[in-house]
Amino acid sequence: MSSSIRVRFAPSPTGMFHVGGARSALFNWAIAERSGGTFVLRIEDTDANRNRPEWTEGIISALAWIGIDTGSPVFEGPLYQSHQEPQHRAAVARLQADGRAYHCACTRDEVIARTGDSNRGYDGFCRDRGLAEGVVRFRTPDEGGTVVEDLVKGTVEFPNSAMEDFAIARSDGSPLFVLANVVDDIEMRITHVVRGDEHLSNTPKQQLLWDALGTTPPVWAHIPVIVNEKRQKLSKRRDKVALEDYRAEGYLADAMVNYLMLLGWAPADDREILPWSDMAQEFRLENVNTSPAFFDVKKLRAINGEYMRALSPEEFTAACEPFLDPSWDRKVFAELAPLAQTRLAVLSEIGELVDFAFLAEPVTDEAAWNKAMKEPAADLLKAAAEAYADAPWNAEELKTRLEEVGLRFGLKLGKAQAPVRVATTGRTVGLPLFESLEVIGREVTLARITAAISRLA
RNA sequence: GCCUCCGUCGUCUAGUGGCCCAGGACGCCGCCCUCUCAAGGCGGUAGCGGCGGUUCGAAUCCGCUCGGAGGUACCA
């Protein structure tokens, strides 16, 4: 039973991979992987995607980034849905032959004129007229309710009286999305449909169609949507939702996956940081929350930081590579990288932390300069330059010497280091100073201190 | 309008009648450590939308109410 599971994942056809879609994909992936089932990717918008293959490419590459590999044995796809295939028309015809659907010639205005209510749906006027043309409508049950058994939401009952005879094919005969969607799911032997709960309201229609087509409906699981700080569903226009953007900013895929899985689900123990293998093993749709979750970048950053600190120095250095200027000396960077590892939340911040070591002149932050270069900065820098002129060039010694210099001015190291830091790195905050000086060398250090002295003069 | 879903610290959550005067994590605040900034350690802040029931006992069950979200096309 569980080995025959086939989950369907349908990213939205917008050419951009939404974080909500990513989470949904991950949930699907987890249950498919754990049960040894099949993950079916379907891009639902036929026309848009047929004309823009790069959109599909983008989605596949985003999926690959978070570990959903198109080469995996439990992956099947991509599959485009077309609602113009023969089997869709055949299904419409079958439904009509079975008396489950009928032609209707009413216009919207006619319906409103009859019901006197623009809020109500179709009134069933053509139900028994035996027409041969027009839109095809599905004959909805008059009484009772349609019960959707949902793994996440539980038992949800929709009164049939609130469901109009909805259209399944246009008057030109072309099948509509709802119908095609169900037909394809049946054909692909989908057993589990896991999607955002914005689809819950349309589920009874689909379920009716599954039944009418003589097939047992799949297991439904409607997961809560992800919302913004205003508690609205994440929108492409307002919110930053493209998974690709987070990759570009320097979030680690593992951290992203971990965070996304935590949105609406929590492992049994108190762990929040845990490997994918554990999550996939423990994940149950039944344990997914029912309420919407806010996408909190602050927490994402914190988790990303955890993952970055857990990296070995080599892994961290490698992870930084895409965010480094090509001209920077990688040997020098390798020395600096371990110092930077605990000091950033996302990889894209690496540049501003280490650029001083590669540029001819440090980028000087004026506010930092004004703050650090107060009396007796000039004299202190002169003394430091002297002390450093003949110092053995290692961090330990550089620290000791500056400490001594500071003492002469009645300053502790915390104060005394500030002018030197700004002179050599351009900023008041940054990597450990003396290790940094060791890396850039005596010549560069002295040159920068001298330059600062003359600027102060 | 009608239908459906949702409502525990600012945020993500644990919690399915007593173990909860509600636990963890992020954030925030403070202290320690410290060459700056981080990291790390320690401590703190803050919550069951409201009202009525049921019960010896309710975050947990029921009703109402308020608030939020989504759906409702000859769109996909």
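Residue numbers begin at 1 in each chain, while the letters A, B, ... track the order of the sequences. On a predicted model such as this, the values are computed, not experimentally measured, just so you know.
Rounded to whole Å, the separation between the P atoms of B/rG67 and B/rC21 comes to 32 Å. Between the C1' atoms of B/rG24 and B/rU45, the separation comes to 16 Å (whole Å). Separation of the C1' atoms belonging to B/rG70 and B/rC74 is 24 Å when rounded to the nearest angstrom. Straight-line distance between the P atoms of B/rU60 and B/rU8: roughly 12 Å, to the nearest whole Å. Using C1' as the reference atom, B/rC12 and B/rU55 are 33 Å apart when rounded to the nearest Å.
Side-chain nitrogen and oxygen atoms of A/Arg137 include at least one within less than 4.0 Å of the OP1 or OP2 phosphate oxygen of B/rC74.
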Protein-nucleotides 5-7 of chain B N/O pairs under 3.5 Å:
{"unit_1": "B/rC5", "atom_1": "O2'", "unit_2": "A/Lys153", "atom_2": "NZ", "d": "2.9"}

Short N/O separations, protein against nucleotides 39-43 of chain B, under 3.5 angstrom:
{"unit_1": "B/rA39", "atom_1": "O3'", "unit_2": "A/Arg309", "atom_2": "NH1", "d": "3.4"}
{"unit_1": "B/rG40", "atom_1": "OP1", "unit_2": "A/Arg309", "atom_2": "NH1", "d": "3.3"}

Can you name the atoms? Protein N/O to nucleotides 58-66 of chain B N/O, anything below 3.5 Å, with the distance.
none

Restricting both atoms to N or O, compile the protein contacts to nucleotides 28-34 of chain B shorter than 3.5 Å, with distance only.
none

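Between the side chain of A/Glu386 and the backbone N or O of A/Ala383, no donor-acceptor pair lies under 3.5 Å.
Side-chain contact between A/Ile223 and A/Arg23: present, with at least one pair of heavy atoms (C-beta onward) separated by less than 4.5 Å. Side-chain contact check for A/Met279 versus A/Pro267: every heavy-atom pair is 4.5 Å or farther apart. Counting only heavy atoms from C-beta outward, the side chains of A/Thr424 and A/Leu433 approach each other to under 4.5 Å.
The A/Ser201 side chain lies nearest to B/rG71 when the options are B/rG71, B/rU11, B/rU36. Ranking B/rC37, B/rC75, B/rC2 by closeness to the A/Arg170 side chain, first place goes to B/rC75. Listed nucleotides B/rC12, B/rC35, B/rC37 differ in distance to A/Phe294; the shortest reach to its side chain belongs to B/rC12. Of the listed nucleotides (B/rA14, B/rC35, B/rU72), B/rA14 has the atom at the smallest distance from the side chain of A/Asn289.
The residue A/Arg427 sits apart from the nucleic acid: no heavy atom pair falls under 4.0 Å. Residue contacts for A/Glu352: at a heavy-atom cut-off of 4.0 Å it reaches no nucleic acid atom on any strand shown. Contacts of A/Glu403 with the nucleic acid, taken as non-hydrogen atoms under 4.0 Å apart, are absent. Across all strands shown, A/Leu431 has heavy atoms under 4.0 Å from base atoms, whether or not it also approaches the sugar-phosphate.
A heavy atom lying under 4.0 Å from RNA chain B marks the following residues of residues 251-267 of chain A, by number: A/Leu262, A/Leu263, A/Gly264, A/Ala266.
A donor atom on one side chain and an acceptor atom on the other are not found under 3.5 Å apart for A/Asn304 and A/Tyr259.
The one candidate from A/Thr290, A/Thr203, A/Asp197 that meets the side chain to side chain donor-acceptor pair (under 3.5 Å) condition with A/Lys153 is A/Asp197. Of the listed residues (A/Glu133, A/Gln96, A/Arg129), just one forms a side chain to side chain donor-acceptor pair (under 3.5 Å) with A/His103, and that residue is A/Gln96.
For A/Glu349, the salt bridge (charged side-chain N to carboxylate O under 4.0 Å, His left out) partners are A/Arg301, not counting sequence neighbours.
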